[in-house]
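For reference, the structure is listed below as structure tokens.
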Amino acid sequence: MAAHLDETSSIAPDLSRYREWFDRRTAALPEKDAALLQTALKLAEQHYPQEMRVSGGEPVLSHLMGAAQMVDEMDLLPDAVAATILADISSCCENWQEIVTEQCNATVTELVKGIDEVQKLTHFARVDSLATPEERAQQAETMRKMLLAMVTDIRVVLIKLAMRTRTMQFIGSQPDNPEKRTLAKETLDIFAPLANRLGVWQLKWQLEDLGFRHHQPEKYKEIANLLDEKRTERLEYIDHFLATLRSELNKFNIHFEVAGRPKHIYSIYKKMVKKKLDFQGLYDIRAVRILVDTVPECYTTLGIVHSLWQPVPGEFDDYIANPKGNGYKSLHTVIVGPEDKGVEVQIRTFEMHRFNEFGVAAHWRYKEGGKGDSAYEQKIAWLRQLLDWRENMAESGKEDLAAAFKTELFNDTIYVLTPHGKVLSLPAGATPIDFAYALHSSIGDRCRGAKVEGQIVPLSTPLENGQRVEIITAKEGHPSVNWLYEGWVKSGKAISKIRAYIRQQNADSVREEGRAQLDKQLLKISPKPNLQDLAEKLGYKKLDELYTAMGQGEISPRAIQKACGTLNEPPPVSVDETTIVKQSKIKRGGKNGVLIDGEDGLMTTLAKCCKPAPPDDIVGFVTRERGISVHRRNCPSFQHLAELSPDKVLNAEWAAAQEGQVFAVDVEIRAQDRSGLLRDVSDALARHRLNVTAVQTQSRDLEASMRFTLEVKQVNDLPRILTSLGDVKGVLSVTRL
Ligand code: AMP
Ligand code: MG
């Protein structure tokens, strides 16, 4: 029986084994790459102290060489292998950056830096052990997102996964201890799911099985014993089966690919628990997959398979005729294979396979039962494709490949840590005030200062990914309207809490606060305006009304400056103004110049809510009557729709521009009202030779608000246009809607 428990191997520190791999590998590499690896190893041997150990207890060099071998097998280019060997150099050598850059290259240095950051972070980040399972799952998910958000090169995550796999292999040889269980749990919570999402199957199964083995040793043993063969034997069975399948299918005129796997222990365990099955009820312990070009070939292939091996009655599922709710399509059958062992056979087209594996990431949401945000899922799908493509890239494509590993995909959200290692997600640009409110509204209200990485920082400091933040609170206190006023808060929660606080204040104190704020603003302005004039310019009849509005954080410093500026100008000549509404048909032809999943000619409409135009980042959404409606990716109504029906989201991009193609864009201008304003704005637009297809103006008190629908060729042109509109006298703000 002991042999069965050895599904996942335990590895003792053994440098000679890695020497052997290393020598063999460097002998096979081009000279330049081999030299790089040799330099890396030489540096490692020079700098790593003999007695230095990594978590889990393995000597550092043996640990990193083991991980480097896995990284090499993932085909991530030699820079990544060198960086893995040097992953711990920063803790052994002060000027390591210079040395590594000079002796290896700058990419290796960058990768090592990235690994360092991830190491620090995973050291501090903790899932709250007292939380409910749902909360724990949520926290683990946030941590995984943080890891991906932090790295600028996706290889850093893969290297980390290899290092963790190595650690898990090593602790198998160690006596049971609490650290072992903690590492195992964390592996199951964070790293195995990450490997799964990135589609790195070779690491995923090991992380899961090793994590399971050390976290729940009894359960692991139970299942290992139910399998009547060792993993290597099950692998051989599959390989043999695939060979037979290949030679049989070759007799027909069908283009195909086959693949297979023995189901790993943790996956067996999860399925038994989830489906309440006993071991005998699992038919996909041994499984293969056949990919073909067309749907008819799927059924032909099914016929061939059934004529070769006896199908198991009741185990055929046609998910092509009846796709699963998430869009999954495939044929599934179970046949009686050699030695009377059941084998699951899945048959599908390449196209279906691509969708199942990468499409809208519905694939793993179904597997993991989590809910997700669709932008994030699309990024993951993209990364998975990238990792998949790397296998098919020719040697000449390696340059592009290295560039493609660079990721700046995750820049709308940042992830920061509490002193207890809990990870919070905040919008990019968030400050310690947002952080405080995210922790608890009372902490936000009482927030008086903050430490980032142990250093006191101003409350206005934008936080960065991975930072540890601590809030200094007063015993009692309330928020400062200044926070809103100065634009120091970015998160919806903080803004609404501060506003709510202000609303509760009695009118007198709001007014007094406003007076103080205004005085402060006016210190920066000369000559001083007459206050009553200023109030009127901003649309308030009485000075007190202006104070109150200030106190409520409703007037920006810019508006004050602008208003003071216009007070000092001579009154403009008055011209009669009326609202113009001009109509011109927007020429778009049959198509909108949008490709859906790379295809043109599909019925698309540009969404009215957000009026997308090139080069906006766009997405498609399947509607009932209007074909595919195309939104800007950050459009709130799209995001709402995508949350409700993520499966209707499609990739969209702009096709090459067509002659004469224009896009409608809405622009809003707010200004101090004056006569001649509309004329001046229209002149500015005319100078850019822009067609205006609709104008709406509104004037309340002294503030004018104007909306224009403009026809532009490229949204790229907009910044220039907006700037020149902003220069028109009296204009306070110009925004694209
Ligand atoms: P599972 O064993 O279901 O946890 O799946 C683990 C991995 O095996 C995933 O990458 C699956 O895509 C792959 N897999 C699942 N079923 C099959 C099959 N019938 N043939 C080949 N690979 C499969
Ligand atoms: Mg399965």
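Numbers for residues simply follow the sequence, beginning at 1.
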Original post:
Have Ser425 and Thr142 got a donor and an acceptor in their side chains that come within less than 3.5 Å?
Top reply: no
Subject >> Polar contact flag, side-chain donor to acceptor under 3.5 angstrom, Arg348-Tyr328 >> reply: yes
Subject >> Within 6.0 Å of NZ in Lys329, more than 12 heavy atoms from elsewhere >> reply: no
Original post:
Heavy-atom count around Lys422 NZ within 6.0 Å, excluding the residue itself: above 12?
Top reply: no
Original post:
Any idea how Tyr220 and Phe212 line up, ring-wise: parallel (<30°), tilted (30 to 60°), or perpendicular (>60°)?
Top reply: perpendicular
**OP:** Using a strict cut-off of less than 4.0 Å between a Lys/Arg side-chain nitrogen and an Asp/Glu carboxylate oxygen, indicate whether Lys270 and Glu208 qualify as a salt bridge.
**Re:** yes
Original post:
What residues form a side chain to side chain contact (heavy atoms under 4.5 Å, CB included) with Ala125, not counting sequence neighbours?
Top reply: Met143, Met146, Leu417, Val423
**OP:** Flag the pair Phe170 / His63 as yes when their ring centroid distance falls below 6.0 Å, and as no otherwise.
**Re:** no
Original post:
So, Asp284 and Arg261, do they make that salt bridge, N to O below 4.0 Å?
Top reply: yes
Subject >> Interatomic distance, Asp617 atom CG to Arg632 atom CZ [nearest 0.5 angstrom] >> reply: 11.0 Å
**OP:** Answer yes if the side chains of Gln467 and Glu453 hold a donor-acceptor pair under 3.5 Å, and no otherwise.
**Re:** no
**OP:** Answer yes when Glu58 and Arg166 have at least one side-chain N-carboxylate O distance shorter than 4.0 Å, and no when they do not.
**Re:** yes
Original post:
Within the distance-only criterion (no hydrogens, no angle test), does the side chain of Thr165 pair as donor or acceptor with the backbone N or O of Leu161 below 3.5 angstrom?
Top reply: yes
